[in-house]
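The structure displayed is predicted, hence computed values, not measured ones.
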Amino acid sequence: MKDKHYNSQIRWVAYLMMVAGILVMFGWIIDFKPLLSVVPGLPTMKFNTALCFFLSGATLVTVSDQGLYLDSLNRFFSTLVFLIGGLTLIEHALDRQFGIDEIFVKDQISIVTKYSEPGRMSTATSFCFVLFSSAFILFKFKRGKTNFFGQLLLHLVTIISMVSFISYLYGVPVLSKLSIFTSMAIHTSLMFVLLSIAASLVHYRLGATARFTGNGIGNELIRRMFPTTLTMVLILGLLQLQAIEKGWISAEFGIALFVISYLLAHLFLLFSIVDKVNVLDRERKKVQEQFKTVVESTPNALLLMNQDGFITMVNREAEELFGYNRDELVGIEIEQLMPEEFRQDHPVLRNDFYKDPKARPMGKGRVLFALRKNKERVPVEIGLSPIENDGKTMVLASIIDISERIMAEEIIKRHSKELEAKNKELEQFAYIASHDLQEPLNTVIGFTSILEEHFQDDEYATKRLMHISRSSNRMLAFIRALLDYSRLGRNAKLEDVDCNQLLESLVADLNNLISTTETKVTIDKLPVLKAYSGELRMLFQNLITNAIKFRKPEDTAEIEISAERNGRMWQFSVQDNGIGIPEEHQEHIFEIFQRLHRRDEIEGTGIGLAHCKKIVDLHNGKVWVTSEVGVGSTFYFTIDDLGNTNLGI
Ligand code: ADP
């Protein structure tokens, strides 16, 4: 109801009314004439008038949308004003005394005419109060029509009080035909002007007030023009009147002078308006141009449609996409740009959009098609936005041709399917090969040891057989590692893994290695997460045994394991104080069979970190290392906490 923009203005006027009311009432009590009649010899503001102004101010202060308490206070104040004003009006009409005029003070100073009684507020004043309070009584119904009617009553108060004020200004005699207006005290009329304008701001979008408060260029003009015109006319009129009264000029000349000066002043005002309008118009054109440039240069096809689905505006991209030119597109129904099967349902969908118009993608979850002039179907993505235009809602459709994207997606899909199949094939091959190779190799190893026993006295043969045996065993180790690698993730199950428990049991299992090498292992608090428990254990085992294996010969190994949350992932780190890894090797040590040491220096197959990488991949994570030669290495890996893994088997 009340807009926050005008709240403070309304309040200020309300307080002014209340203070002025109190002052005048006080003036009556102490008999202080300047407060009662501003110009000696002119009508006084009666005690009841001052009281009604106080109550009207209170009515304005209590205008509120919320709160029963305020609402009933508002009702009370406006009803009191209505009663006092109404009874006085009836007194005037019936020429009767209800004894309400001098309840509080005796009036011995007001000019008494045939239209007035001592202490009685004037006809115009009481009428204005009746109008004012009726407006607020009407506002209580909270309907469009009653609000509007109330607003008109307030406007009537403004007009009556303005006429009254102007009559004073121009010295229209109290007893003339206009006396119904001039019976109102001069400050009463001014206060009514203020009060009625402030009250009309309660419903600032109604009636004449709306003309002043709106956002349009016309409203801007009236806001600027009206005060100037009003002051100008009043001052010009007054000056002319003075000149005539003083006998400087004749009445005829005065009127002619008024007309000329009014015309000149008005012309001057019009000039300034013309300039202002021109500036605004230029700005509007500039904005229009900018808008056009934006619309034309956007990479999406844009179509503006009215409620009936007719196209009213298109951009260059739309011409390109649909293969029609602009003139062909504007004015046709949007359904014509759709393939046959979408056309029938579309008007219903279109109406649905208007029921709840807000920006949204069209046809979510399915591929939409646009129909080109040459009947070609183009897959598209469409975004719809409502646009207010002249009080009507239009729809702006922003259309993107996604045929290239769809094609690219299809290629990627096909490639990843092929890749997946190839990977499976490869894993299957590695599995079968390593599985089947073990058997003949075991036979070779078995026979070699039989031969070793048989030729134990033959030094030449023993040495050669030992070579065969060592190589065969190494080959067996490789094959087993390969088999393990290809088995990784098969039959693995996601479960809640408490990493603290997992490491505790792992460290216990590695106790022999750890204590003989005097390694110090420190483990921070680790999380519980959804993971492949066996694989995760192997991952930690590889990293810990590597840290021990690649320790500095002169130092005991120190390993620190910790974890921290990084978004929805957990990031683990295994830090050691070992020999470190040169920067150029830090990436490819995770590839299968990649080693940085000769076999006779440090034992190994070069498959441990490849295992680690595959395990981390299974968990949708990443693994990497930071290291400095001679200082130590830190292996990091991330694990998806939600068990959202890549495992497709
Ligand atoms: P392996 O341990 O069998 O050699 P890995 O795949 O586990 O195979 O490791 C590959 C290579 O990475 C190792 O040969 C070693 O050179 C290097 N490496 C792995 N872990 C460490 C570490 N903690 N400190 C230094 N070098 C390491």
Side-chain angles (χ1 to χ4, degrees), residues 214-218 277 280-413:
N215 295 324
I217 170 171
V277 172
L280 287 175
D281 194 45
R282 269 201 298 279
E283 275 170 16
R284 188 180 57 88
K285 278 197 181 122
K286 212 162 88 192
V287 171
Q288 240 171 15
E289 275 309 309
Q290 282 169 346
F291 175 72
K292 225 169 139 187
T293 320
V294 170
V295 167
E296 285 305 326
S297 58
T298 165
N300 298 2
L302 296 179
L303 300 176
L304 190 66
M305 281 158 286
N306 65 16
Q307 296 231 357
D308 302 321
F310 286 98
I311 298 172
T312 59
M313 188 215 77
V314 300
N315 68 351
R316 208 168 30 228
E317 276 299 314
E319 293 179 287
E320 284 271 308
L321 176 69
F322 291 100
Y324 291 94
N325 66 36
R326 204 167 288 239
D327 297 336
E328 289 172 312
L329 282 173
V330 171
I332 63 167
E333 268 180 305
I334 185 69
E335 281 79 15
Q336 288 191 40
L337 302 176
M338 296 174 178
E340 202 66 51
E341 69 264 30
F342 294 105
R343 285 188 195 164
Q344 207 179 351
D345 295 342
H346 192 254
V348 179
L349 296 173
R350 194 152 37 80
N351 281 338
D352 285 350
F353 180 85
Y354 284 108
K355 279 183 203 151
D356 177 23
K358 56 176 183 240
R360 67 173 96 139
M362 189 176 153
K364 227 175 161 192
R366 62 196 167 107
V367 180
L368 301 170
F369 289 95
L371 190 68
R372 291 173 57 93
K373 191 177 181 181
N374 60 8
K375 302 293 170 225
E376 200 185 309
R377 293 156 64 101
V378 187
V380 286
E381 212 170 71
I382 304 177
L384 301 175
S385 322
I387 294 205
E388 281 300 318
N389 193 357
D390 253 351
K392 287 193 191 117
T393 310
M394 314 270 287
V395 181
L396 182 71
S398 166
I399 307 164
I400 308 173
D401 177 350
I402 53 167
S403 35
E404 276 182 20
R405 195 210 296 168
I406 285 192
M407 220 139 73
E409 274 171 8
E410 253 153 33
I411 293 174
I412 291 174
K413 242 189 244 165

What heavy-atom pair brings [X] and [Y] nearest, and what distance separates the two atoms?
X: Ile387; Y: Leu304; value: CD1-CD1, 4.4 Å
X: Ser398; Y: Asn300; value: OG-ND2, 2.9 Å
X: Leu329; Y: Phe322; value: CD2-CB, 4.5 Å
X: Gln307; Y: Tyr354; value: CA-OH, 3.3 Å
X: Thr393; Y: Glu388; value: OG1-OE2, 3.0 Å
X: Pro339; Y: Ala370; value: CD-C, 4.4 Å

Check your understanding: Do other residues, nucleotides or ligands put more than 12 heavy atoms under 6.0 Å from the CD atom of Gln344?
Key ->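 Not more than 12 within 6.0 Å, no.
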Exercise for review: May I ask you to check whether over 12 heavy atoms, not counting those of Asn374, lie within 6.0 Å of atom CG?
Suggested key: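 Yes, enclosed.
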Check your understanding: Restricting to pairs with a member in residues 302-320, which pass salt bridge (Lys or Arg N to Asp or Glu O under 4.0 Å), not counting sequence neighbours?
Key ->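 For residues 302-320: Glu319-Arg326.
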Practice item. Name all pairs fulfilling the salt bridge (Lys or Arg N to Asp or Glu O under 4.0 Å) condition that reach into residues 338-351, sequence neighbours left out, sorted by first residue then second. Key: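 Sorted result for residues 338-351: Glu335-Arg350, Glu340-Arg343, Glu341-Arg377.
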Tell me, do [X] and [Y] make a side-chain contact under 4.5 Å, heavy atoms counted?
X: Arg284; Y: Leu280; answer: no
X: Lys392; Y: Asn306; answer: no
X: Ile334; Y: Val395; answer: no

Could you state the interatomic distance from [atom1] ([X]) to [atom2] ([Y]), rounded to the nearest 0.5 Å?
X: Ile311; Y: Gln336; atom1: CD1; atom2: CD; answer: 8.0 Å
X: Ile406; Y: Glu409; atom1: CD1; atom2: CD; answer: 6.5 Å
X: Met362; Y: Arg360; atom1: CE; atom2: CZ; answer: 10.5 Å
X: Ile399; Y: Leu384; atom1: CD1; atom2: CG; answer: 8.5 Å
X: Glu404; Y: Met407; atom1: CD; atom2: CE; answer: 6.0 Å

**Study point:** Distance-only polar pair, side chains of Ser403 and Asp401, donor-acceptor under 3.5 Å
**Key:**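 Checked: Ser403/Asp401 side chains pair up, N/O donor to acceptor below 3.5 Å.
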Point to revise | side chain to side chain contact (heavy atoms under 4.5 Å, CB included) evaluation trace for Met313 with Met394 | key: CA-CA 11 Å; Met313 188 215 77; Met394 314 270 287; over 6 Å; no
Check your understanding: So, Thr298 side chain and Val294 main chain: donor-acceptor pair closer than 3.5 Å or not?
Key ->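 No; judged by distance alone, with no hydrogens or angles, the pair does not exist.
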Review point. What residue among Leu321, Leu371, Ile332 forms side-chain contact (heavy atoms from CB on, under 4.5 Å) with Leu337?
Key: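 With Leu337 as partner, side-chain contact (heavy atoms from CB on, under 4.5 Å) holds for just one option, Ile332.
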